[in-house]
Every structure is written in C-alpha cells, then in structure tokens.
Amino acid sequence: MCGIVGYVGQRQALPLLVEGLKRLEYRGYDSAGVAMMEQNRLSITKSAGRISVLEQQLDVDGSTATTGIAHTRWATHGAPTEINAHPHGDASHRIALVHNGIIENYTALKKYLQQKEVPFVSDTDTEVLAQLIGHLYRGNLEEAVREALRDVHGTFGIAVVCADEPGTIVAARRGSPLLIGVGQDEYLVASDASAILAHTSQVVYLSDNEMAVISADSLHTTTLDAVPVTKEIQEVEWTLDQIELAGHTHFMEKEIFEQPEALRNCMRGRVDLAEGKVHLGGFADVARELTRARRFIMTACGTAWHAGLVGEYLLEDLGRIPTEVEYASEFRYRNPVIEYGTVTVAISQSGETADTLAALGEARQRGALALGVVNVVGSSIARETDAGIYLHVGPEIGVASTKAFTGQVAVLAMIAAFVGRRKHLSQSATQEFLEALSQIPDRMEKALENNAKAKAIAEAYADRDNWLYLGRGYQYPVALEGALKLKEISYIHAEGLPAAEMKHGPIALISDGMPVVVIATQGLQYNKIISNIEEVRARGGRVIAIATEGDSQIANLASDVLYVPDTLEPLQPMLTVIPLQLIAYHAAIARGCNVDKPRNLAKSVTVE
Ligand code: M6R
C-alpha cells in the first residue's frame, strides 16, 4: 500500500524523509521517490524497486533542503516503473504531489487537460491531479489544490509542494488516512504514524474532506470548502511495531480484518448500481471477444485455484458460458484442447507463480485470449496477458492468502456480471446482483464479529490432528479453502470435500470427536447438507457449522455454530470463508506456529 511522508522545518529534510520511507516499507511497495525544495528549485528523484536503490541516487547528507515530500508506491494505475513512481509534477515543473488512493474520474480529467495541451508522461491517475493543480495555480497553492479537488471523484491522501512557495506543504484527505506531526519549529505529514514517530508523537489526524497548510511555524486546517477547523493535538501511544500491524498481532490477522475495506477498494468505480452495469476498464478492448466466448478456462494454484472454482460456478450461473478450472501445474504439461473462442483466465495474487505463468503462456500460444486476475500491478502474469483486472486489495504479506481470495472472488463475480449482462441477464437482475455484491463489505464486518467464538472453537479442537471440511455448491470451494488455511499454518491435517463425496470413502475417517466443519448456509442444497450433518453426527464427529443468521434449527444439530449474514448464494463464499480463516489463524496460534511464515512455504512460488 502506498505511503506518504513530508517535512517542513529548520532541519535537513532529506535524511528524515528517507528514514520515514524506510519505516513505511513494511506496508509493501514497488517504487519510491522524493521531491525536495533545493534553493527555490524543485528537484524530484524517483526509482523503481527498493528504497536502497533510490537512496543511491540521492546525496542524503549533502542536501540543504528543509522542505520535501516523499512516497512509497504500490502500483494501481500503470506499472511499477520510475516514471509512474511519485512524486508527480506538473508541466511547468513548479508543483510536486504525492498521492495515496484512486482518482476515479482521471480519464475524463486527463482528456480535459490534454485538450488544453497539457503534456503527460506517466500512466497514473496521480499525474492527472498534479497537472490539474499546476493548470489551476495562480500564485496560491492552497487555492489551486482546493479548486482541483472540487473536480476529483475518488479517494485521496495528498501532500503537495510548489517551487514558488518553498516553505509550505499543502495536505488534504478523503478516504485515505493522513496526519500532521507537530514538532518544535517543524511539522511533518504522513499517511501512517510510523513514518514520523521517531521525531514526534504529537499528531493531528485529518478527517475526510479536510486540508492542512503547514510551514515551519504554522499549521492551518480547514475543510475542503475553506471553512476553518480547529483540530486537537493527540498523543500517539503505539510503538512502531504496533503501528506496522495496526494493533494486530500478525499480518494474517490484519489482512483478515482488512477485508471489508479491501473489497470496497476492489469494487470502487467498477460497480454501477444505478445503471446495473460493471465497468471493467481493463476489458475495454476485449469486451466483444468476451461476449462471443465459447468457453472459459480458469487456471491457478492453491487459494487462487479455489477462487477460480467459485468463478466457474459464477460464470456458468450468470454468464451461461461453459467454464473449467485447471490446476496450472497440470494444465501446462497436458495437451489441452483449446478451441476457437476459448478465454483463459490466470488468477494469481503475486502475479509471479511459475506454473500459472507457464499455463497462461501455453493457452495463449494455442490461440486462447489470455486474461489476468492479479493483485500485484506490473507483475509477470499481468504483463503477459491480453487484458486483465487488478484486485486492488493492497499488498498481502502473510503467507496464507486471505484478502486476495475474497478479492479474487469479487473480481470474478464482477466479470460474471459483466459477461452475463452482455448476453442474457436483464438490467434488473444485474442490478439485484450488484446491489448484493456492494453490500458484501458491510456483511463481512458482521462475519468478523465471530472472532472470539472462532478462537474458542479453534482452541477447543487445536489438539486434534485430523479435520474435515464439507460444503456443497458454492460452498465446496470454501471447504477446500478452509482446509488449506488450517493445514498450511497450523500443520493439522485437513481435507476439504464436496459433502456428497463423503459417502464414497472419506466417511470411514470419521471417528469419535473428529472436528468436521460444515458450511451449511441457506441455499439450494440446504436440506442435503443437513443430511450430511446427521451422517457425521451419527459417527461421533463434532460438527462445527457455518450457518446463516436466523437459522434456528442448526444449533440443535451442530456442536458449535458460527453465523454469517445472509446474501445471494453465489456471493456467500466471501462471507463463509471468514470464520474459516479465523479458525485457522487461532488454531495456529494455539499450536505455537509461526502464523505469517509457516514452515516450508514461500509467499510467492516462482519455481516449479
Ligand atoms: O500468488 P498466487 O496467488 O499465484 O499464489 C498461488 C498459491 O501459491 C497461493 O494461493 C497459496 O496457495 C497460498 N499461500 C495459500 O494460502
């Protein structure tokens, strides 16, 4: 996720900014940059890759600048290159800006500025804002920023400097955190307290739609509409470690709890409820091919493969297109039949998984249209596809994939609605689906309220060495995912099954006290899954049910129940997976395992 740090005061700004950037490294980033006011001249230095690479290009100790802004970028619009890194400048080289968030209407703003002959150098939404501020600048930076933000749709946390006002930083926020650090004859600005905590623990938190203008000796806060606001100075009480984890004990826990926000970001600007449409900019050039597609093949590994399985059901349900899901490692070495009209979708959080990359290459070589559903912008898979949709869920640091799974399902749901609407789905049916999809983040928040109960269940059964996970229909992939989460971080043997398969062999495993997690939410096969619960109970299994809120009969059948809010059946996986992530997380802790770095596993499997 992107990070901002800025300084204005009496000290050398550059060493302080570089140190601040290093403090932001834990958030994940792919490029970085600084803009310094060197003797009334703006100097911007940026680089792709690590901060140490940027540092090599800077004269950190020699810089005399006392004002500057800096940024770590996690790419969303445009690949992680030096040109796309922040700060971005305007055409007159007077303005520099760093930005966290997404400017949703950047295409329209860019068109407007291009008509005014403003030249662009990067692919980013952020440069549009920098250019707009430069275009509107008439000798007052605060006014130009205010005016530009009036035209912006989307989210932002920004810090802006101007060569004509060398001792000033203008900061503003909407939907992306920003705080001002208060020092002795100096102020700092940051997206995250960790970046400035070494210098001050006194901070002012900006609220949405607020601006701050800081210089060495003044802090002036207003709303974006120029109404003065008096802000309280607060003391940051967290240590640096606590801040990195935002109060959580592990990145996995943080990422589980980030899911509602991650999904809001994933859907932002894409789900159009009023029109009953999905806007997928990445598919603009292939929309006709998608509508005419005769077959979809999803290819992926691990958790991403489970998301692909949900995608198969979604595309067949909503898109009415035959869809298959293939393990990338198998697909690449088979002799797959790729007929005319085949679309291959590679699903990958990292975008670097070797088997998925090779499977995509194989399908492409045989004539398939190659699409990507990827989290890391500019990654190898993203670069190898004909078109793609990014997840926009932010960096995933814990080895166990959590928010990437729900992000992948959300993107696949949007793709299914996108294709379905072009084929046979009515506007009202699409609207109903998208309405339910847009409610998922709020419902996830309710599902996360299961945390304490999931912990109690995990602790009660953490000593059992074998678990089963059962689901039917849309819950079958969730059963697989729940079992994978448990085994990879707690080293408990767990198996996920389509519930009806149990009778064809695995039922022999059920013995007295064996934990069997059954996803038994309301849906087409509810009665059948209840029969499966009876079968497990009859053999002494301990049923841990995941059920829909308001289900009054399930508590009589299961030993433990975790309830999730109701939603349309195709969207349930994004809610039912949450208690399973929580159970796995707490079971791993109960067994003393290293949650974020489980043994024998790497976050990204770049070799076969
Ligand atoms: O980066 P990718 O999504 O391509 O990774 C695929 C799998 O290696 C990954 O999902 C793995 O199964 C997870 N660690 C499971 O939590």
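As the structure lists them, so they are numbered: ligands from 1, and atoms in each ligand from 1. As the structure is a prediction and not an experimental result, all values here were calculated from the model. Only heavy atoms go into these numbers, but all of them, side chains included; no hydrogens, no water, no symmetry mates.
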A side-chain contact here means heavy atoms from C-beta on lying under 4.5 Å apart; do [X] and [Y] qualify?
X      : Y      : result
Ile415 : Val373 : yes
Val337 : Glu339 : yes
Val517 : Leu486 : no

With a 6.0 Å cut-off on the ring centroids, do His77 and Tyr106 count as close? yes
Do Arg599's NZ or CZ and the ring of Tyr491 fall within the cation-pi criteria of under 6.0 Å and 45°? yes
Using the ring of Phe418 (Phe, Tyr or Trp, six-membered ring only), decide whether Arg422 places NZ or CZ under 6.0 Å from its centre and within 45 degrees of its axis. yes
What about Thr356: any of its N or O atoms under 3.5 Å from an N or O on ligand 1? no
What do you reckon, does Glu488 have a nitrogen or oxygen under 3.5 Å from a nitrogen or oxygen of ligand 1? yes
Tightest non-hydrogen contact, residues Ile554 and Ala545, listed as CG1-CB, 3.9 Å
As an exercise, identify every atom of ligand 1 less than 4.0 angstrom from a heavy atom of [X].
X      : answer
Lys485 : 15 (C), 16 (O)
Cys301 : 6 (C), 7 (C), 10 (O)
Ala304 : 3 (O), 10 (O)
Gly302 : 12 (O)
Ala400 : 16 (O)

Heavy atom of the protein closest to [atom] (residue, atom name, distance):
atom                   : result
atom 8 (O) of ligand 1 : Val605 CG2, 4.0 Å
atom 1 (O) of ligand 1 : Ser350 OG, 2.7 Å
atom 5 (O) of ligand 1 : Thr353 OG1, 3.4 Å
atom 3 (O) of ligand 1 : Gln349 N, 2.6 Å

So is Val399 close enough to ligand 1, meaning a heavy atom under 4.0 angstrom away? yes
If you measure from atom 9 (C) of ligand 1 to every heavy atom of Ile347, Asn375, Leu484, Thr303, which option wins on shortest distance? Thr303
Applying a 4.0 Å heavy-atom criterion (strictly less than), which segment of Glu352 is in contact with ligand 1: side chain, backbone, both, or neither? neither
Side-chain H-bond candidate by donor/acceptor type, Glu25 with Tyr29, under 3.5 Å: yes
Check whether Lys485 reaches the backbone of Ser401 with its side chain - one donor and one acceptor, N or O, closer than 3.5 Å. yes
